Structures are given as structure tokens and as C-alpha cells.
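Read the structure below first, then the notes.
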Amino acid sequence: LMSEALAAVVSWRFSLGDLESIGSGFFDGNEGSRRVLEKAGFRHIGRDMSFSTARGEDVPHHRMELTRTNWTALMDAPE
């Protein structure tokens with residue numbers, strides 16, 4: 001369900017035509033979020049520390065990016 005929701009939002013956002021990339025990320029240990037982002041074509045671009053409200057502390061955070069080029073290639077690929 002989350003993969004479908006993310007694909008719909010990304011498709012809508014890129015359809016507006018004013019962005020060349022979209023950023024996102026996930027915290028260490030959140031493999032479900034990592035898989036959803038990777039399935040949508042996001043690529044790892046770095047790590048930093050970021051405050052997690054749920055954990056109440058700074059934790060390692062993985063930064064991800066999806067370019068319009070990668071998104072288009074993913075959408076054009078045969079299933």
C-alpha cells in the first residue's frame with residue numbers, strides 16, 4: 001500500500017514540471033521505509049544525524065533522492 005501511495009505522490013509531483021529531484025530519507029533500523037523508497041527509485045546520497053521524535057534523540061539518518069530521469073526510466077521499464 002505504501003509503495004502505491006508513494007508512486008502516486010511522486011508521479012503527481014513530477015507532473016507539475018518544476019522539480020528535477022525529490023528528497024526523502026529514513027532512520028537506521030527502518031528497513032520497511034528503505035525498501036519502499038528504493039522500490040520507487042530513490043538512491044542513497046548520504047548519512048547524517050537527525051532528531052527522531054519517536055526515539056527522543058539524534059539517530060543516524062539516511063538521505064535518499066529520486067531524480068526525474070530515474071523516475072521516468074523506472075516508469076518506462078517493461079514489467
Side-chain angles (χ1 to χ4, degrees):
L1 185 60
M2 288 309 298
S3 293
E4 292 176 26
L6 179 58
V9 170
V10 167
S11 183
W12 165 78
R13 191 58 187 95
F14 278 139
S15 76
L16 298 178
D18 61 336
L19 282 184
E20 290 304 314
S21 67
I22 297 172
S24 189
F26 63 94
F27 289 112
D28 266 4
N30 192 338
E31 293 305 306
S33 290
R34 180 189 59 80
R35 285 190 300 273
V36 168
L37 290 169
E38 287 177 347
K39 185 176 179 180
F42 283 78
R43 300 293 178 244
H44 193 266
I45 60 169
R47 265 178 71 137
D48 56 22
M49 296 295 287
S50 187
F51 185 76
S52 167
T53 302
R55 298 177 188 179
E57 62 185 354
D58 285 339
V59 295
H61 177 258
H62 299 263
R63 292 182 291 122
M64 307 283 283
E65 179 181 61
L66 175 61
T67 63
R68 179 185 298 276
T69 301
N70 286 352
W71 176 252
T72 301
L74 187 63
M75 293 298 99
D76 291 344
E79 291 187 35

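Here the structure is a predicted model, which is why all the values come from computation and not from measurement.
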Following the transitive rule for hydrophobic clusters with a side-chain heavy-atom cut-off under 4.5 Å over Ile, Leu, Val, Met, Phe, Trp and Tyr, establish whether Leu19 and Leu66 coincide in one cluster. yes
Following the transitive rule for hydrophobic clusters with a side-chain heavy-atom cut-off under 4.5 Å over Ile, Leu, Val, Met, Phe, Trp and Tyr, establish whether Met64 and Met2 coincide in one cluster. yes
Not counting sequence neighbours, list each pair that qualifies as a salt bridge (Lys or Arg N to Asp or Glu O under 4.0 Å) and has a residue in residues 2-17. Arg13-Asp18
May I ask you to say whether Glu31 pairs ionically with Arg34, meaning some side-chain N is under 4.0 Å from a carboxylate O? yes
What residues, two or more places apart in sequence or in another chain, satisfy side-chain hydrogen bond (donor to acceptor under 3.5 Å, both in side chains) together with Asn30? Ser33
Sub-3.5 Å donor-acceptor pair from the side chain of Ser11 to the main-chain atoms of Ala7, do we have one? no
Report the C-alpha separation of Ile22 and Phe42 in whole Å, then their side-chain angles, then the decisive distance to 0.1 Å, and conclude whether the side chain to side chain contact (heavy atoms under 4.5 Å, CB included) test is met. CA-CA 9 Å; Ile22 297 172; Phe42 283 78; 4.1 Å; yes
Can you sort out the partners of Glu57 under salt bridge (charged side-chain N to carboxylate O under 4.0 Å, His left out), two or more places apart, ordered by chain and number? none
Do Val9 and Phe14 share a hydrophobic cluster, counting only Ile, Leu, Val, Met, Phe, Trp and Tyr and linking them when any side-chain heavy atoms are less than 4.5 Å apart? no
Restricting to non-hydrogen atoms, name the atom on Pro60 and the atom on Arg47 that form the minimum distance, rounded to 0.1 Å. CB-NH2, 3.1 Å
Indicate yes or no: at least one non-hydrogen side-chain atom of Leu6 is less than 4.5 angstrom from one of Leu37. yes
Tell me every residue that passes salt bridge (charged side-chain N to carboxylate O under 4.0 Å, His left out) with Arg63, counting only those two or more places apart in sequence or in another chain. Asp48
Minimum heavy-atom separation for Ser50 and His61, please, with both atom names. CB-CB, 3.8 Å
Nearest heavy atoms of Gly56 and Phe51, plus distance in Å: C-CE1, 3.5 Å
List for me each residue that meets ring-ring contact (aromatic ring centres under 6.0 Å, His included) alongside His62, sequence neighbours excluded, and say none if there are none. Phe26, His44
Residue pair Lys39 / Ser3: nearest heavy atoms and the distance that separates them: CD-OG, 3.5 Å
State, to 0.1 Å, how close Val59 and Ser52 come at their nearest heavy-atom pair, and which atoms those are. CG2-CB, 3.8 Å
Take atom CE of Met75 as the centre, draw a 6.0 Å sphere, and report whether it contains more than 12 heavy atoms from other residues, nucleotides or ligands. yes
Just to verify, what does Arg43 make a salt bridge (charged side-chain N to carboxylate O under 4.0 Å, His left out) with, not counting sequence neighbours? none
